[in-house]
Amino acid sequence: QVQLVESGGGSVQAGGSLRLSCTASGYTYSSVCMGWFRQPPGKEREGVAIISSSGGTAYADSVKGRFTISQDNAKNTLYLQMNSLKPEDTATYYCAAGPWRSCYSGSWPMGADFGVWGQGTQVTVPS
């Protein structure tokens with residue numbers, strides 16, 4: 001059974017950093033597209049970043065230069081390093097997996113092509 005489990009969320013002051021992790025079981029990261037998404041309170045889910053099996057990445061404009069997505073295939077773990085956090089980064093963060101072509105779709109931020117999702121981890125940046 002495929003399962004994604006996120007960890008690393010918490011509360012951090014504005015300007016601080018957090019690193020989220022997502023570990024897969026019953027699944028491998030090869031030949032898939034992995035992504036981080038978030039849902040702020042009272043808002044729609046939005047794409048944050050994606051990474052292909054070859055290491056290509058894409059980011060939402062709102063996080064470019066502050067967040068870095070990476071993966072360790074040997075550990076089946078996906079990461080999201082978040083620096084210079086802002087109150088507007090407050091959200092539940094989800095990792096997700098989809099077919100490799102999801103990483104080449106302009107609509108990736110919508111998340112519709114991602115069929116496997118974690119349970120989410122909360123990130124809070126007080127204003």
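Worth knowing before you read on, the calculation uses all heavy atoms, side chains too, and leaves out hydrogens, waters and symmetry mates.
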query = Hey, is the main chain of Gly9 close enough, under 3.5 Å, to the side chain of Thr121 for a donor-acceptor pair?
reply = yes

query = Salt-bridged, Lys64 to Asp61, with N to O below 4.0 Å?
reply = yes

task = Take Cys95 and Trp36 through the test side chain to side chain contact (heavy atoms under 4.5 Å, CB included) and record every step on the way to the result.
result = CA-CA 5 Å; Cys95 70; Trp36 285 100; 3.8 Å; yes

key: Any Leu80 side-chain heavy atom under 4.5 Å of Phe67 side chain   = yes

message = Let me confirm one number: the CG-OH distance from Asp113 to Tyr104, rounded to the nearest 0.5 Å.
response = 14.0 Å

key: Minimal non-hydrogen separation, Leu85 against Leu18, with atom names   = CD1-N, 3.9 Å

key: Plane angle bin for Tyr94 and Trp117 - parallel if under 30°, tilted between 30 and 60°, otherwise perpendicular   = perpendicular

task = Of all the heavy-atom pairs spanning Cys33 and Ile50, show the shortest one and how long it is.
result = SG-CB, 4.2 Å

Side chain to side chain contact (heavy atoms under 4.5 Å, CB included) between Arg38 and Glu46, intermediate numbers included = CA-CA 6 Å; Arg38 67 186 181 186; Glu46 60 187 24; 2.6 Å; yes

key: Nearest non-hydrogen partners of Phe114 and Gly35, listed with the distance   = CE2-N, 4.1 Å

request  = Check whether any side-chain N or O of Gln71 sits under 3.5 Å from a backbone N or O of Thr77 as a donor-acceptor pair, and report yes or no.
outcome  = no

message = Under a 3.5 Å cutoff, is there a donor and acceptor pairing between the side chains of Thr92 and Gln122?
response = yes

message = As a quick check of understanding, evaluate side chain to side chain contact (heavy atoms under 4.5 Å, CB included) for Met110 and Arg45, giving each step before the final call.
response = CA-CA 8 Å; Met110 302 297 292; Arg45 184 186 66 197; over 6 Å; no

key: Contact summary for Val5 and Gln119, nearest pair of heavy atoms   = CA-OE1, 3.7 Å

query = Run the side chain to side chain contact (heavy atoms under 4.5 Å, CB included) check on Leu20 and Val123 step by step: do they pass?
reply = CA-CA 9 Å; Leu20 305 183; Val123 172; 4.0 Å; yes

